[in-house]
Each structure stands twice: as structure tokens, then as C-alpha cells.
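Only one structure is covered here, and it is reproduced in the block below.
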Amino acid sequence: MIANLTREDRGAALLITSIGMAIGLLMVAVGIGGQFAVHGLVVIGFCAGLFFLVARNLNAPEPGSERLASYYDDPTRVGVLLSLGWGVIGMAMGVWVAALLAWPDLRFDAAWSSFGRLRPIHTSGVIFGFGGNALIATSFHIMQRTSRARMPGQIAPWFVLLGFNLFCLIAASGYLLGITQSKEYAEPEWYADIWLVVVWVAYFSLYIRTLARRNEPHIYVANWYYLAFILVMAVLHIVNNLAVPVSFAGTKSYSAFAGVQDAMTQWWYGHNAVAFFLTSGFLGMLYYFLPKRAERPIYSYRLSILSFWGITFFYIWVGSHHLLYTALPLWVQTLGVTFSIMLLVPSWASAGNALMTLNGAWHKVRDDATLRFMLVAVIFYGLSTFEGSFMSLRPVNSLSHYTDWTIGHVHSGAMGWVAMISFGSIYALTPLLWGRETMYSWKAVEWHFWLALSGTVIYVFAMWNSGLTQGIMWRTYAEGGTLRYTFIESVVAMHGYYIARAFGGLLFVIGAMIALWNVVMTIRRVPAQVTERDHPTRSEALEPAVPVMPAE
Amino acid sequence: MALSFGIILAAGVGGFVEIAPLFNIDETVEKAPDMRLYTPLEQAGRDIYIREGCYACHSQMIRSLRDEVERYGPYSLAAESKYDHPMLWGSKRTGPDLARQGGKYSDDWQARHLINPRALVPESVMPQYAFLAKTPLDSASMPARLAALRKVGVPYSDAQIENAAIDTAAQADPDSVAAADVFARYGDKTNVRAFDGTADQVTEMDALVAYLQILGQLTTLPSQTQPLPK
């Protein structure tokens with residue numbers, strides 16, 4: 001991997017990691033004795049590890065200029081492995097916190113092991129660690145292939161990928177220490193947030209520079225979705241995390257917004273993290289890997305563009321449906337509900353477009369578990385976007401809000417849609433990335449598929465039941481006109497469902513472990529195969545045999 | 001690049017239309033003349049509530065629905081969280097809503113419940129927070145914290161910021177000389193008590209219980225404006 005870096009690249013890597021170590025040292029110096037210093041040590045450790053990795057191979061032979069006639073896939077490979085690694089950690093953490101709700105004493109006698117501190121490790125671990133790495137890795141692959149151009153440099157992609165993982169590491173370790181803003185899905189504190197902005201600017205610049213080098217007149221729609229993901233997440237992240245630190249030598253900060261304005265900003269961010277992180281980016285993945293794997297063109301390219309603008313415009317309005325019947329002004333609530341209903345149109349247009357693309361390839365869906373992952377992802381996408389619009393209706397929301405129904409809804413999207421499309425894409429991508437004929441074990445892919453599907457179904461059904469039960473118990477009246485149930489009675493009623501939920505999650509994480517094992521075995525055991533038609537080109541022909549060097 | 005601008009523009013409209021007016025329309029947040037600020041001890045407790053991620057299971061937002069009002073009390077008004085940076089309205093009730101928790105139970109009940117919830121409520125699934133009673137509170141950082149809060153718009157006075165560390169200790173020690181100053185700076189109705197049961201040392205338990213006991217008590221506006229349910 002380091003052998004593929006030029007001497008210049010290696011020098012740059014040493015410089016950047018040295019700067020990182022210096023920043024870490026500064027954090028330790030100013031925050032001595034406190035948690036800020038602990039995070040300084042994390043930064044030093046992370047950068048020092050990379051520094052020595054590069055320094056050890058500093059004098060390895062340099063790559064020849066023939067590398068420029070191929071795509072740069074090393075960061076994609078590492079990204080796929082990091083994604084699966086974070087996936088296993090994040091999902092296992094999910095099973096643990098799920099188990100804590102059924103058996104609350106299943107923990108250590110220490111502050112770090114409480115539900116409140118572990119739960120964000122689960123959410124950040126799967127959303128940012130698993131999902132984020134999958135998005136970055138696949139975007140590196142797709143932007144090069146669909147532009148038929150190599151990335152402009154070799155340092156920027158590493159900076160983006162590893163910088164993002166440093167953010168994830170700081171976030172996760174911070175939660176254990178109690179470092180959190182308690183803003184849902186935006187828990188990391190101010191310094192981690194600033195670092196993510198730096199990484200994100202590099203990501204956007206890399207994406208734009210790669211597209212600028214394209215040997216293809218049109219920018220393929222998958223790139224539009226990835227660009228929306230990068231751009232809008234940047235806006236959401238910056239605005240929602242505006243805060244004043246208590247000290248520049250400490251971790252704590254206070255949000256710039258308070259009360260109702262903060263609530264609206266938070267759910268504008270929160271719901272659009274779902275929209276632009278967990279939907280837009282993964283639709284980019286879908287629009288590339290589904291047609292590729294099915295070997296069918298997209299049913300309607302025009303529809304994919306239309307639904308792109310629909311999703312980009314409508315989604316941003318819907319955050320206020322998280323705040324129905326609250327102290328948020330009614331007009332904002334109503335706008336949120338209205339757009340939530342309209343959002344169903346572009347959402348189902350995307351889902352329908354993907355399903356119609358599979359027409360003529362249904363026999364492949366039957367035989368190929370990888371394609372089946374993608375099909376199930378589309379179905380869950382359709383179901384959960386419908387459920388989302390439904391739950392935003394005021395009478396439904398009055399019942400579902402604050403209950404496990406929301407958790408069920410989120411997981412039908414997260415497990416059924418996001419994880420399934422990621423697994424499908426990773427299985428499609430892995431043999432190609434490492435130049436292997438197939439995955440190591442197709443049986444393992446089948447096992448994973450059925451474990452993931454049954455785990456999701458068990459999870460979602462358990463949460464639907466518990467959510468409805470809670471919601472109904474909270475509003476049931478006895479004959480005398482008083483509330484029928486105490487709150488704790490509704491907690492007791494959840495016990496069985498919480499056990500079922502933890503079991504469903506367990507099946508799902510076992511599937512993810514199988515995926516990680518299968519990918520590692522594919523790299524180690526499956527013989528290499530030269531892929532002749534996977535290189536940058538400037539020819540008008542679809543896939544010419546002769547690779548073309550990019551203009552430098 | 002044109003595509004990038006198009007995306008920003010298309011995605012920008014909704015957020016702007018929904019968020020910007022909330023800062024400018026006067027009716028968004030009700031006028032509550034009797035609204036008081038969190039004392040340093042209560043704010044320290046709030047910071048512990050944030051640190052432990054309590055919002056993951058407890059909401060602080062009673063919706064305007066009959067069953068919620070009957071279960072928890074008058075529905076929440078925007079004014080009540082106008083000094084909450086960040087707001088802790090929450091999104092999930094694994095445990096009950098806490099918006100009107102203040103005064104519902106005794107200090108002793110709250111402290112013992114935090115030490116071991118299942119000792120008081122056998123079916124509870126809440127984690128134990130026994131370490132809070134043994135952890136001394138970091139009151140030295142309170143002046144800096146209040147100063148940061150003033151920067152984001154909470155109207156703490158110079159005297160409140162300067163004396164934040166002393167006030168933190170004094171509010172948990174009713175027999176101390178400085179306790180009188182807490183009343184003077186934060187109002188006669190301030191709770192000045194040994195929240196964790198002992199006055200010898202200010203612990204994180206003191207702070208968290210002080211915070212829980214003030215939830216819903218910062219202003220009387222909700223009970224003034226809403227008729228009591230039948």
C-alpha cells in the first residue's frame with residue numbers, strides 16, 4: 001500500500017501526521033490532567049501509528065508512472081474493511097444496549113458502561129463508522145469509474161478516509177468518557193466538529209477535482225447523490241454544531257441556540273442526516289451497483305434525476321415532524337407534515353425505478369444473494385419511506401412519538417435499507433477491488449442474507465409491537481376517567497419485546513461478522529484474476545481494450 | 001460547480017423558511033416575567049444530565065395531549081426552555097417525561113433512586129448512578145461555564161458569574177454563611193438544601209438532584225395559563 005505512494009506522497013504523509021502529532025501534543029499541554037488531554041493522546045497515537053507505518057517503508061521502491069493509467073483503489077480497499085470493522089463494533093454495541101433494556105444489570109460497575117454513554121457509540125458507530133466509511137469507499141470507486149478518470153492525487157483520499165476515522169475514534173472514545181453535546185446524532189464536541197469540517201472540505205474538493213478530470217461528457221446520477229450528501233451534510237453539520245466552548249483547553253461547550261430554536265435546528269439537522277447521509281448517499285450507491293450487478297440499464301434515467309431534485313428540495317422541510325404537539329409554533333409543524341407527505345412521491349419514484357430496473361433480471365435475484373441484498377434494500381426503502389410519511393400525520397404521531405415505534409421505523413431504514421444496500425455493494429465491489437474472480441464463499445453470502453433479513457424482521461416486528469403497546473397504554477383511560485396504567489406498567493410490558501429485539505439484533509451482527517470474515521478470506525485465499533476492462537479511458541467506445549494515461 | 005450551487009439552493013430554501021423566522025417572530029417564545037435562571041449548582045447538574053446522556057430515555061417536553069397533561073402536568077411552553085443550551089426535549093420515553101419532575105419526589109427519594117433505581121422501583125430498567133454520590137463536584141469551572149452561557153445569550157450578571165463557585169457550594173449547604181447570597185442572587189424561592197443528604201461536601205449527586213428538583217419550576221406561566229384538567 002505504501003509502495004504505491006510516490007516519495008513525494010510519503011513526504012506529505014509524514015508532514016501531515018507530524019502536524020497531527022503536534023496538534024495532539026498541544027491538546028495534551030493545554031488540557032493537562034483533563035479529558036481534553038486524553039483526546040490529545042488519542043490524536044497523537046493515531047498520527048504516530050500512521051507516521052511509523054509510512055516511515056518504515058520510506059525507502060521502498062517507488063511506483064512507476066504506469067499507475068496513472070489505472071484507478072487508485074487502495075483507499076477504497078481500506079475503506080471497505082474499516083466499514084465492516086466499524087459495522088461489527090457498532091452493531092455489537094447495539095445488541096449490548098438492547099440487552100441492557102431487558103436486563104439492566106448486564107454491565108460493569110463503572111460510569112462508562114451505562115446505557116446513556118454506550119448508546120451513542122452504537123448510533124455513531126453504525127451511522128458514521130459503518131455507513132460513513134461505506135459511503136466514502138464506494139464514492140471513491142464510483143467517482144473514478146463513472147468519470148473514467150483516476151483521482152487527482154494519492155494523498156487527498158487517504159486524508160479524507162483516515163481523517164474521517166479519526167473523527168469517529170474521537171467521537172466513540174469521548175462518549176465513554178462522558179464527552180457529548182447530547183444533541184442526537186451530533187453528539188461529538190466542538191473540536192471534533194471542527195476537525196470533521198476540515199475533512200469534509202477535503203472530501204468535497206477531491207470529489208470536484210475528480211469530476212473535473214472526467215473523460216465522459218455526462219456526470220452520472222450516482223455522483224449527484226453523493227455530491228448532495230457531501231454538500232448538505234456540511235451545511236447541516238456546521239449550523240447545528242455552532243457552539244461556544246467553555247475553554248479552548250477543555251471539552252465542554254454550550255450550543256449557540258436554546259429551547260425552541262435549538263429544537264428546530266436539531267431536527268432540521270437530525271432528519272436531514274437521515275435524508276442526506278442515510279438516503280442520498282446510499283441512493284448513489286444503489287444507482288451504481290444495482291444496474292451493474294443486474295446488468296440492466298436504469299429503467300428511467302430521467303426519473304432518477306427528477307426524484308433527485310424532489311428528494312433534495314422536499315426533505316429539508318420535514319424535520320419539524322419530530323416536534324408535533326410540542327412548543328414549536330404550529331405553522332412550522334404543519335409545513336413539516338405537508339412536505340413529509342409530498343416526500344413520498346420522489347421516494348417511491350426512486351424505489352419504483354430501482355424495482356423496474358430489475359425487470360428482466362429476476363432470475364438473477366433468485367440465484368444471486370448479492371443482488372437480493374440490493375432488492376431487499378429497495379423494498380425496505382419503499383416501506384420505511386411510506387412509514388415515515390405515515391408517522392408524520394398528526395393523529396398517528398400523537399400515538400407513535402416517544403415510543404419504540406420510532407426505533408422500529410429507524411431500524412427498518414437502517415438495517416433494511418442502509419445496511420442491506422451497503423452489504424450488497426460491498427459484495428459486488430470486493431472481488432473487483434482485489435482483482436478476484438468471486439467472493440471466497442457464496443454460501444456465506446447466502447447465510448448472511450438470511451440472517452440479516454430475519455434479524456431485521458424480528459427487530460422491526462418487536463419494536464412495532466412494543467411501540468404500539470406503549471403508546472396505547474399511555475393513553476388508555478379506566479372507567480372512572482383516570483389513566484388506566486402507571487408508567488412503570490408500560491415498562492414491564494416491554495420486557496418480552498426487548499428480548500426479541502436483542503435477539504434480532506444478534507442475528508444481524510452475526511451476519512456482519514460473517515461478511516467481514518468472507519471479505520478477509522476473499523483477499524487471502526481467492527486466486528487473483530486480472531481485470532482487463534477496469535481502467536481510465538478517453539475513448540468514445542464503451543470499454544476499449546487500451547487504457548489511456550490522463551493528461552498531467 | 002453549477003450542480004453544487006443548485007443542490008445548496010434547493011436544499012437551502014426549506015431550512016431558511018422554517019428556522020430563520022423562529023428567531024424573529026415575537027410570539028414564538030411566550031413572555032414569562034417570573035422566569036429565573038439556573039443557579040450554578042443546577043446548571044452543573046444539567047451538565048451532568050447531558051454528560052450521562054439521560055435525554056436518550058427521558059423527554060422534557062409534555063405535548064398538548066390530554067393524557068400527557070394528566071400524566072405529567074401542564075403542557076410545556078417554549079419559554080420554559082429558553083435558557084436551555086442545548087434543549088433537552090428528547091425523542092424517546094424509555095422512562096417517563098421529566099419536564100415537571102421538580103418537587104414531585106423528595107431529595108432523598110431522588111438520591112436513593114439514582115444510587116439504585118431498582119431498590120425503589122423493582123421493575124425499573126434505569127442504570128445505577130451510585131458513583132455520583134461519591135464524586136466531588138467540579139465547582140471551580142462554574143464561573144467559566146456561566147460566562148460561556150452568557151456569550152450564547154443567558155443573561156447572567158457579573159456578580160452571578162464571579163461568585164458561581166461559591167454559590168455552587170453554598171446552595172448545597174443551607175447552614176453556610178454564603179447561602180443567603182444564593183437567595184439574593186437567584187430569588188427567594190431557590191432551593192437551598194443538602195440535596196444528597198449531607199452538607200459536608202458538594203457532590204455530583206447534589207448537582208443532579210438540584211437540577212431535577214427545578215425542572216418545571218423556573219416559571220409559573222404554564223399553570224397560570226392552562227386550566228387544570230378535570
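Bear in mind that the values here come from a model prediction, so they are computed numbers and not experimental data. To find a chain, count down the sequence lines: A is the first, B the second, and so on, and within it residues start at 1.
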*Determine, using ring centers only, whether A:F257 and B:F23 are less than 6.0 Å apart.*
yes

*Which region of B:L65, side chain (C-beta onward) or backbone (N, CA, C, O), has a non-hydrogen atom less than 4.5 Å from a non-hydrogen atom of chain A, or is it both or neither?*
side chain

*Looking at B:P117, B:G95, B:A147, which one has more heavy-atom pairs under 4.5 Å with chain A than the rest?*
B:G95

_At a 4.5 Å cut-off on heavy atoms, which part of B:I50 comes close to chain A: side chain, backbone, both, or neither?_
both

*asked:* For the interface with chain A, which of B:A11, B:G53, B:S64 has the highest count of heavy-atom pairs at distances below 4.5 Å?
replied: B:A11

*Atom OH in A:Y254, atom CZ in B:R150: separation rounded to 0.5 Å?*
14.5 Å

*Tell me whether the guanidinium CZ or amine NZ of B:R71 lies under 6.0 angstrom from the six-membered ring centre of A:Y485 and within 45° of its axis.*
no

_Atom OH of B:Y75 with >12 non-hydrogen neighbours under 6.0 angstrom_ = no

*For the residue pair A:W267 and B:W89, establish whether any side-chain heavy-atom pair is separated by less than 4.5 Å.*
no

_Only pairs of heavy atoms separated by less than 4.5 Å count here; which of A:I230, A:L231, A:T476 has the most with chain B?_
A:L231

*Contact part of A:T312 toward chain B, heavy-atom cut-off under 4.5 Å: side chain, backbone, both or neither?*
both

*B:S4 OG to A:Y207 OH distance, which is reported to the nearest 0.5 Å*: 10.5 Å

*CZ of B:R93 to OG1 of A:T403: how many Å apart, nearest 0.5 Å?*
10.5 Å

*Please state whether the side chain, the backbone, both or neither of B:K92 comes within less than 4.5 Å of a heavy atom of chain A.*
both

_Between CG on residue B:D67 and CD1 on residue A:I472, distance to nearest 0.5 Å_ = 12.0 Å

*Closest-packed option against chain B by number of heavy-atom pairs under 4.5 Å, given A:R475, A:H322, A:H495, A:M494*: A:R475

*Is chain B contacted by the side chain of A:S113, its backbone, both, or neither, given a heavy-atom distance below 4.5 Å?*
neither

*Can you tell which part of A:Y477 gets under 4.5 Å to a heavy atom of chain B, answering side chain, backbone, both or neither?*
side chain

*Identify which part of B:V154 has an atom lying under 4.5 Å from any heavy atom of chain A, answering side chain, backbone, both or neither.*
neither

_From A:T326 atom OG1 to B:I62 atom CD1, the distance as rounded to the nearest 0.5 Å_ = 12.0 Å

*asked:* Please identify, among A:F276, A:F313, A:F115, A:F308, the residue contributing the most non-hydrogen atom pairs under 4.5 Å to chain B.
replied: A:F313

*For A:W474, is it the side chain, the backbone, both or neither that has a heavy atom under 4.5 Å from a heavy atom of chain B?*
both

*asked:* Which heavy atom of A:A256 sits nearest to which heavy atom of B:H85, and what is that distance?
replied: O-CE1, 3.7 Å

_Is B:V29 close to chain A through its backbone or its side chain, or both, or neither, when contacts mean heavy atoms under 4.5 Å?_
side chain

*Which one of A:Q266, A:E187, A:R107 has the most heavy-atom pairs closer than 4.5 Å to chain B?*
A:R107

*Step through the shown structure and confirm whether more than 12 heavy atoms of other residues, nucleotides or ligands are within 6.0 Å of CG on A:D109.*
no

*asked:* Looking at chain B, which one of A:P329, A:S398, A:A243 has the largest number of heavy-atom pairs inside 4.5 Å, strictly under?
replied: A:S398

*Atom NE2 of A:H401 and atom CZ of B:R63: how far apart are they, to the nearest 0.5 Å?*
6.0 Å

_Quick check for you: among B:Q128, B:R145, B:K151, which has the greatest number of heavy-atom pairs under 4.5 Å with chain A?_
B:R145

*From A:L335, A:T265, A:L328, residue fulfilling side-chain contact (heavy atoms from CB on, under 4.5 Å) relative to B:E18*: A:L335

*asked:* Can you tell me which of B:G12, B:S141, B:A78, B:G90 forms the most heavy-atom pairs within a distance under 4.5 Å of chain A?
replied: B:A78

*Between B:D47, B:I25, B:I48, B:L9, which shows the greatest number of heavy-atom pairs under 4.5 Å with chain A?*
B:D47

*Please determine, among B:E27, B:E68, B:R66, B:E30, the option with the most heavy-atom pairs under 4.5 Å with chain A.*
B:R66

_Contact winner vs chain B - A:L483, A:V332, A:T180, heavy-atom pairs under 4.5 Å_ = A:L483

